[in-house]
Amino acid sequence: MKTLRVSDFSLASTLESGQVFRYHLGSGGFYCVVAGNSIIKLQQEGNIIRYACSNPKFGVAIFLGLSHDYGSIMKSISKDEKISAAIKAHYGLRILGQPVWECTASFICSSFSNIPRIKRCLESVAATFGSKLEFDGLPFFSFPQPQQISSLSKLQKCGLGYRAKYLFEAAKIFSGNSSGYSLQQLRKLSYEGAKKRLMELPGVGSKVADCILLFSCGFYEAFPVDVWVMRAMVGQYGNEIKKFAAAKKPNEKIIADFARSHFGKYAGYAQQFIYHDARTSR
DNA sequence: CACCAGGTACTGT
DNA sequence: ACAGTACATGGT
């Protein structure tokens, strides 16, 4: 068991804020997270993280967002009392750095669904196509590489509904290793360029692309607008948004553009507080 | 039995 | 460019 000294970090808020789906809270306050083919078991006590990871090459600290200059980011997005209250309520929530393909697949499955079902779908996909692993005496399945998702008919038995064919096609596109969807390739592009590239994938629209860019590509200006964020933003910033949009009715793009102008280049961080706060406040 | 769930693709104007 | 609608599935 290794330890990490942390500050400005909440393991629970980070994992439970809807960024990642393949985790569970086990005994002794230990979370088990599967990211790609790595299994991480970890627990927080104050500013100590105790952890073990199945893959010695996996960058746990990077995955957890511990390299971010948290104080500066929080200061930069703390533009009003509403966001400040959400930050205070979930202080230590960080944006993860997830594997790009798994994040893409996860949010293709997320569209027009709900979190318990998304989790079930992804576990089913992993059990069907992933590699069987054992860690800490327990069985796990890796999240399959795109090449491992080899059968549409099997994928259609994973409960994805109409998303199965989107995921299957996206896996085929990702499989080409010169497809341009690696983290390195996407990072070379601008936010808009990378978003356009991702939206060429079936099942990836504006919102899902922003989730991928934010949670796995380090584009913190990405501001995913789902129904929760839409409701919260209109509820809390309705008048300002109306002014910003010249009285047009707010749509996803207007909300996101307003958010970037209001919160700045780390608007995506603000989004995650707004989303998590909306979901956890009753 | 409606209605909803971290939206997207497709159609018609 | 923009609004309207179908879409698989499962839970309440």
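By convention in this document, chain letters (A, B, ...) are assigned in the order of the sequence lines, proteins followed by strands, and residues within each chain are numbered from 1.
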### Message
Using the six-membered base ring of B:dG6, report whether A:W228 stacks on it, requiring centroids under 5.5 Å and planes under 30° apart.
### Response
no
### Query
Can you tell me how far P in C:dT5 sits from the matching atom in B:dG6, rounded to whole Å?
24 Å
### Query
Could you state the CD1-C1' distance from A:I118 to C:dG10, rounded to the nearest angstrom?
13 Å
### Message
Under 3.5 Å, is there a donor on one side chain and an acceptor on the other for A:K195 and A:S206?
### Response
yes
## Note on the structure
Between CD of A:Q156 and C1' of C:dA8 the distance, given in whole Å, is 11 Å
### Message
For the NZ atom on A:K242, are there more than 12 heavy atoms of other groups (residues, nucleotides or ligands in this structure) within a distance under 6.0 Å?
### Response
no
### Message
Over all strands shown, is A:V225 touching base, sugar-phosphate only, or nothing at heavy-atom distances under 4.0 angstrom?
### Response
nothing
### Task
Report the nucleotide, chosen from B:dA5, B:dG6, C:dG10, that has the shortest atom-to-atom distance to any side-chain atom of A:R120.
C:dG10
### Query
Is A:Y162 side chain donor-acceptor paired with the B:dG7 base, going by distance under 3.5 Å alone?
yes
### Task
Taking only the side-chain heavy atoms of A:R279 (C-beta and beyond), determine which of B:dA5, B:dT8, B:dG6 contains the nearest atom.
B:dG6
### Message
Using ring centroids (six-membered ring only for Trp), state whether A:F244 and A:H262 fall under 6.0 Å.
### Response
no
## Note on the structure
Comparing nearest nucleotides in DNA chain B, the 5'-proximal residue of the pair A:P202, A:D226 is A:D226
#### Entry: Short side-chain N/O contact to B:dA9 OP1/OP2 from A:R163, under 4.0 Å
no
### Query
Base, sugar-phosphate, or nothing for A:I108, non-hydrogen atoms under 4.0 angstrom?
nothing
### Task
Would you classify A:G18 as touching base, sugar-phosphate or nothing, given that sugar-phosphate means primed atoms plus P, OP1 and OP2, and contacts are heavy atoms under 4.0 Å?
base
### Query
So does A:R117 get a side-chain nitrogen or oxygen closer than 4.0 Å to the phosphate oxygens (OP1/OP2) of C:dG11?
no
### Gap between atoms CD and P, on A:E252 and C:dA1 respectively (whole Å)
15 Å
### Task
Between C:dC2, B:dG7, B:dG6, spot the one nearest the side chain of A:S110, thanks.
B:dG6
### Task
Remember a base hit wins even if backbone is also touched, and classify A:S106 as base, sugar-phosphate or nothing at under 4.0 Å, heavy atoms.
nothing
### Message
With rounding to the closest Å, how many angstrom separate the P atoms on C:dA8 and B:dT11?
### Response
14 Å
### Task
Indicate whether the side chain of A:E16 and that of A:Y31 have a donor and an acceptor atom separated by less than 3.5 Å.
yes
### Message
Between C1' on B:dG6 and NZ on A:K207, what's the gap in Å once rounded to a whole number?
### Response
3 Å
### Query
What is the distance, rounded to the nearest whole Å, between atom CD1 of A:I254 and atom C1' of C:dC2?
11 Å
### Query
When the distance from CZ of A:F21 to P of B:dA5 is rounded to whole Å, what number comes out?
15 Å
### Message
Over all strands shown, is A:Y166 touching base, sugar-phosphate only, or nothing at heavy-atom distances under 4.0 angstrom?
### Response
sugar-phosphate
### Query
Angle class for the A:F215/A:F107 ring planes (parallel below 30°, perpendicular above 60°, tilted otherwise)?
tilted
### Nearest-neighbour nucleotide for the A:K249 side chain, B:dG6, B:dG7, C:dA3 considered
C:dA3
### Task
Could you state the atom-to-atom distance from CG of A:D210 to C1' of B:dT8 in whole Å?
14 Å
### Query
Rounded to whole angstrom units, what separation is found between the CD atom of A:E169 and the P atom of B:dA9?
12 Å
### Query
Near A:R50 CZ, under 6.0 Å, is it more than 12 heavy atoms from other residues, nucleotides or ligands?
no
### Task
Please evaluate the base of B:dG6 for a donor-acceptor partner in the side chain of A:Q272 within a cut-off of under 3.5 Å?
yes
